Amino acid sequence: MIKTEKFVLILSIIVMVIFLFAIIFASKGLNIEVPECLPPQEPFKQGKVEKLDKHTYQAFFVARMWRFDPSTIEIPVGSEVDLFLTSRDVVHGFHIMEKDVNLMAVYGSVNYTTVTFDKPGVYNIVCHEYCGAGHENMRGKIIVKK
Ligand code: CUA
């Protein structure tokens with residue numbers, strides 16, 4: 001290896017290390033995070049479930065890197081659920097594997113569907129839109145009790 005190659009190699013490594021520390025410093029030291037774009041309605045601040053009557057519920061899901069808020073909800077069998085969905089950061093997917101529910105969670109907007117859960121059991125929610133390093137672990141559950 002000639003002297004110039006060695007110099008360029010060392011210089012490249014130093015620049016990469018400075019770049020890496022700059023990213024870590026921006027993230028931890030300056031507290032810079034991915035910008036949020038939540039709809040202004042109160043239920044989307046954290047995500048929640050509201051009971052309207054014995055068999056009617058409203059579920060407000062907020063998708064974020066890399067989980068759903070709430071991650072698990074429990075409802076009685078026979079419930080009809082108005083399901084509202086948004087994203088805090090990037091585009092996520094929302095697929096209830098045991099049902100024909102396939103929505104996109106898009107920042108700044110709300111997606112909606114109504115689902116009736118007429119059989120007891122665990123209904124698994126997965127994110128089916130690639131959203132980053134934790135995508136494959138982004139899951140949720142709807143537990144339907146007898
Ligand atoms: Cu969220 Cu993939």
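Just so you know, these numbers come straight off a predicted model, no measurement behind them. We count ligands from 1, going down the list as the structure has it; atoms in each ligand are counted the same way.
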Acceptor/donor pairs from residues 51-62 side chains to any protein atom, 3.5 angstrom cut, sequence neighbours excluded:
residue : atom : partner : partner atom : Å
D53     : OD1  : H55     : N            : 3.0
D53     : OD1  : T56     : N            : 3.1
D53     : OD1  : T56     : OG1          : 2.9
D53     : OD2  : T56     : OG1          : 3.4

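- E5 and K3 are not joined by a salt bridge, as no carboxylate oxygen comes within less than 4.0 angstrom of a charged side-chain nitrogen.
- Annotation: cation-pi geometry not satisfied between K141 and Y123 (NZ/CZ under 6.0 angstrom from ring centroid, within 45° of ring axis).
- Taking CE of M104 as the start and OG1 of T86 as the end, the distance is 12.0 Å to the nearest 0.5 Å.
- Around atom 2 (Cu) of ligand 1, the protein atoms of type N, O or S found under 2.8 Å away are C127 SG, E129 O, C131 SG, H135 ND1, listed by chain and number.
- Looking at heavy atoms from C-beta onward, M138 lies in side-chain contact with C131 at the 4.5 angstrom threshold.
- The number of heavy atoms from other shown groups lying within 6.0 Å of OH (Y107) does not exceed 12.
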